[in-house]
Number of protein chains: 2
Amino acid sequence: MPVTMNGLKTACSQCNLVELCLPFGMSDSELHQLDELVGARRKVKRQQSLYRAGDPFEAIYAIRAGSFKTDVLLEDGRDQVTGFQMTGEILGLDGISTENHSCNAIALEDSEVCVIPYAKLEQLSHEVEGLQHQFHKVMSREIVRDHGVMMLLGSMRAEERLAAFLLNMSQRFTARGFSAAEFHLRMTREEIGSYLGLKLETVSRAFSRFQEEGLIAVQQKHIRLIDSSGLRRLVQHQTASCGR
Amino acid sequence: MPVTMNGLKTACSQCNLVELCLPFGMSDSELHQLDELVGARRKVKRQQSLYRAGDPFEAIYAIRAGSFKTDVLLEDGRDQVTGFQMTGEILGLDGISTENHSCNAIALEDSEVCVIPYAKLEQLSHEVEGLQHQFHKVMSREIVRDHGVMMLLGSMRAEERLAAFLLNMSQRFTARGFSAAEFHLRMTREEIGSYLGLKLETVSRAFSRFQEEGLIAVQQKHIRLIDSSGLRRLVQHQTASCGR
DNA sequence: TTTTTTGGTTGACGTGGATCAACGGGCATG
DNA sequence: CATGCCCGTTGATCCACGTCAACCAAAAAA
């Protein structure tokens with residue numbers, strides 16, 4: 001597993017991702033107390049894993065650059081993408097419960113993460129007022145997000161799922177200072193399908209259909225949202241009837 | 001909202017649910033430090049809600065008796081059950097992220113919960129070594145569970161989902177000292193269906209099919225597992241082919 | 001450059017589960 | 001006791017999405 005470690009210390013107080021990351025909302029003085037938090041940085045190349053299911057849990061990770069997917073797999077080979085993560089988001093929370101990771105985290109592009117040793121996080125939580133609460137918020141947000149995905153998988157139709165996915169991506173790109181209307185997806189149709197509980201052909205067809213209807217412009221992984229309120233309408237209502 | 005509050009203090013150290021609940025794995029001395037944790041007990045009658053989406057978040061809840069479901073709903077009326085909770089399990093974690101609850105928690109039978117004011121939990125986490133870690137584990141376990149549900153909803157077929165559901169219920173009843181093979185479901189077919197992303201008719205048919213095949217005996221909400229390894233096989237493999 | 005591989009699109013067809021509908025048993029209520 | 005409602009079961013039909021297959025463009029490798 002050829003991964004690169006480098007000893008460069010990264011101070012949260014110097015990082016431009018604070019507003020998206022674990023230290024969000026903490027005071028300046030608290031922020032400086034976090035300079036001990038990050039153990040090291042680690043680069044992960046495209047397609048490589050940051051951790052795999054079964055690996056002993058030692059740290060959580062904050063994405064400094066790049067993006068990841070997480071997936072779980074059954075013995076029979078079926079797998080399911082459980083999430084896509086972007087800069088500032090936290091990976092590895094699944095490992096706390098059993099002291100072993102329960103999913104794989106794989107880089108969708110050459111990426112870099114901050115390694116936050118869990119022991120250090122627990123320790124600093126006692127010292128830095130606000131860190132504990134902030135960490136709880138991050139975990140809670142993940143739970144709420146998961147409920148949203150369950151809603152999507154359990155009660156939405158294919159096109160509604162894809163529309164919801166695109167709007168979610170758009171919103172997260174916006175939060176990172178990128179265009180809300182135009183972005184580049186780092187994952188394949190198959191990965192999107194796995195996340196949305198659909199086959200890649202269905203995802204492809206839905207993309208084509210959105211394009212025909214003038215909702216978006218698709219060019220491979222490059223997406224332009226033309227009528228995002230149309231997409232929003234599609235998620236919430238799907239015209240009439242048909243509410244399965 | 002006719003709910004009953006009573007001021008009866010409940011000490012975790014006196015509770016026979018410790019092994020299932022938040023204080024699991026904590027030392028005796030730590031346990032006694034938790035006697036401040038539970039603010040009050042609260043009774044919730046069948047069909048009543050413990051909290052609703054949008055309610056301000058103030059506390060998490062440990063189920064002392066009875067059982068609950070949580071669900072989220074879209075504006076258009078569609079709803080999705082996101083989980084069923086039994087004694088010792090923790091409710092309300094979704095509220096931390098935004099300071100408001102994001103789902104409804106509804107009692108499936110007359111129930112009682114321990115109210116754990118979140119502020120007190122945070123405060124005690126600083127004083128009681130181990131509480132913080134235990135709480136993190138509870139949240140992490142919820143995340144892992146959610147991933148399992150996503151797997152179920154995203155890549156399993158109707159009968160596999162129901163088999164997985166039954167095995168999960170069995171395992172949780174076992175952990176509570178009840179029979180692994182015979183139990184009473186507190187939720188309707190429709191609620192099971194909502195949780196599993198299926199219509200109630202499909203759930204009913206799957207039950208009938210399992211009965212025909214001699215895997216289980218069904219009598220309304222009363223279930224007896226006859227061939228649980230058969231169910232397990234069904235979850236993991238579904239004979240051959242057909243891996244959608 | 002050509003070749004190969006990988007990812008995406010599109011069409012034809014099949015099917016699992018949704019939908020619609022009828023019916024029946026349990027359980028609560030008067 | 002009868003009445004009514006909720007819940008579960010079962011059948012017939014439909015359709016959204018999966019499956020299978022051919023093809024093409026882009027990217028990677030040679």
Side-chain angles (χ1 to χ4, degrees), chain A residues 45-47 69 77-78 80-81 108-110 152-163 165 184-213 216-223 234 238-244, chain B residues 45-47 69 77-78 80-81 108-110 152-163 165 184-213 216-223 234 238-244:
Chain A
K45 285 196 127 18
R46 187 174 129 83
Q47 301 282 33
K69 69 169 176 181
R78 282 181 292 186
Q80 169 87 21
V81 172
L108 294 174
E109 58 193 307
D110 292 359
L152 185 143
L153 292 171
S155 49
M156 287 168 77
R157 336 189 54 270
E159 294 189 1
E160 299 176 279
R161 295 184 202 187
L162 187 66
F165 169 76
H184 191 84
L185 299 174
R186 319 308 307 215
M187 68 293 285
T188 67
R189 299 289 190 265
E190 185 166 26
E191 287 165 332
I192 295 172
S194 173
Y195 180 61
L196 300 178
L198 302 169
K199 293 277 110 176
L200 66 97
E201 294 94 330
T202 306
V203 173
S204 181
R205 275 186 251 269
F207 268 123
S208 302
R209 195 136 207 285
F210 286 173
Q211 179 149 263
E212 280 167 30
E213 288 167 353
I216 65 175
V218 189
Q219 203 170 16
Q220 304 290 121
K221 294 188 156 87
H222 192 88
I223 308 290
L234 212 145
Q238 176 74 354
T239 54
S241 66
C242 259
R244 67 151 126 176
Chain B
K45 285 197 135 1
R46 188 175 128 83
Q47 301 283 32
K69 69 170 178 183
R78 283 181 291 187
Q80 169 86 19
V81 171
L108 294 174
E109 59 193 306
D110 293 358
L152 186 143
L153 292 171
S155 49
M156 287 168 78
R157 335 187 57 271
E159 294 190 0
E160 299 176 278
R161 295 183 202 187
L162 187 65
F165 169 75
H184 191 83
L185 299 175
R186 318 309 306 215
M187 67 293 285
T188 66
R189 300 288 189 264
E190 184 167 25
E191 287 164 333
I192 296 172
S194 172
Y195 180 61
L196 299 178
L198 303 169
K199 294 277 111 176
L200 66 98
E201 292 95 330
T202 306
V203 173
S204 180
R205 276 186 249 268
F207 268 123
S208 302
R209 195 136 207 284
F210 285 173
Q211 179 150 262
E212 280 168 30
E213 288 168 355
I216 64 174
V218 189
Q219 204 169 18
Q220 304 292 120
K221 293 188 154 87
H222 192 87
I223 308 291
L234 213 144
Q238 174 75 352
T239 57
S241 64
C242 259
R244 67 150 124 176

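Proteins come first, then strands; the chains are lettered A, B, ... in the order of their sequence lines, and each starts at number 1.
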Can you give one letter per nucleotide of nucleotides 23-30 of chain C, 5' to 3': B if a protein heavy atom sits under 4.0 Å from the base, S if only from the sugar-phosphate, - if neither?
-> --------
Sequence-distant partners of Arg186(A), salt bridge (charged side-chain N to carboxylate O under 4.0 Å, His left out), two or more places apart | Glu109(A)
Quick one: salt bridge (charged side-chain N to carboxylate O under 4.0 Å, His left out) partners of Glu201(A), sequence neighbours excluded?
-> none
In residues 200-209 of chain B, which ones come under 4.0 Å of DNA chain D, going by heavy atoms?
-> Leu200(B), Glu201(B), Ser204(B), Arg205(B), Ser208(B)
Select base, sugar-phosphate, or nothing to describe what Gly197(A) touches, counting heavy atoms under 4.0 Å on all strands.
->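 It contacts sugar-phosphate atoms only.
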Rounded to whole angstroms, how far apart are [atom1] on [X] and [atom2] on [N]?
X	N	atom1	atom2	answer
Leu185(A)	dA26(D)	CG	C1'	17 Å
Gln219(A)	dG7(C)	CD	P	19 Å
His222(A)	dG8(C)	NE2	C1'	17 Å
Phe210(B)	dT9(D)	CZ	P	13 Å
Arg157(A)	dC15(D)	CZ	C1'	9 Å
Arg186(B)	dG8(D)	CZ	P	13 Å
Glu190(B)	dG17(C)	CD	P	19 Å
Arg161(B)	dG17(C)	CZ	P	7 Å

Expected output: side-chain Arg189(A) to main-chain Lys199(A) donor-acceptor under 3.5 Å |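 Checking the backbone N and O of Lys199(A) against the side chain of Arg189(A), no donor-acceptor pair under 3.5 Å is found.
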Output the distance between atom OH (Tyr195(A)) and atom CG (Leu162(A)), rounded to the nearest 0.5 Å.
->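 So the OH of Tyr195(A) and the CG of Leu162(A) are separated by 12.0 Å.
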Spacing of CD belonging to Glu160(A) relative to CG belonging to Leu152(A), to within rounding of 0.5 Å = 9.0 Å
Closest heavy-atom pair and its distance - Met187(B), Ile192(B) |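 Taking every non-hydrogen atom into account, CG-CG1, 3.4 Å.
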Between Lys221(B) and dG8(D), is there a side-chain N or O to OP1/OP2 distance below 4.0 Å?
->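 For dG8(D), OP1 or OP2 has a side-chain N or O of Lys221(B) closer than 4.0 Å.
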For the side chain of Lys199(B), starting at C-beta, report the closest nucleotide among dG8(D), dG18(D), dT19(C).
->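 Out of dG8(D), dG18(D), dT19(C), the nucleotide with an atom closest to Lys199(B)'s side chain is dT19(C).
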Scan the side chains in residues 203-210 of chain A for donor-acceptor partners under 3.5 Å anywhere in the protein, sequence neighbours excluded, and list what turns up.
residue	atom	partner	partner atom	Å
Ser208(A)	OG	Ser204(A)	O	3.1
Arg209(A)	NH1	Glu159(A)	OE2	3.3
Arg209(A)	NH1	Glu213(A)	OE2	3.1

Got a sec, which residues hit side-chain hydrogen bond (donor to acceptor under 3.5 Å, both in side chains) with His222(B), two or more places apart in sequence or on another chain?
-> Glu182(B)
Are Arg46(A) and Asp110(A) close enough for a salt bridge, meaning some N to O gap below 4.0 Å?
->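 Judged by the 4.0 Å cut-off on N to carboxylate O distance, Arg46(A) and Asp110(A) do not form a salt bridge.
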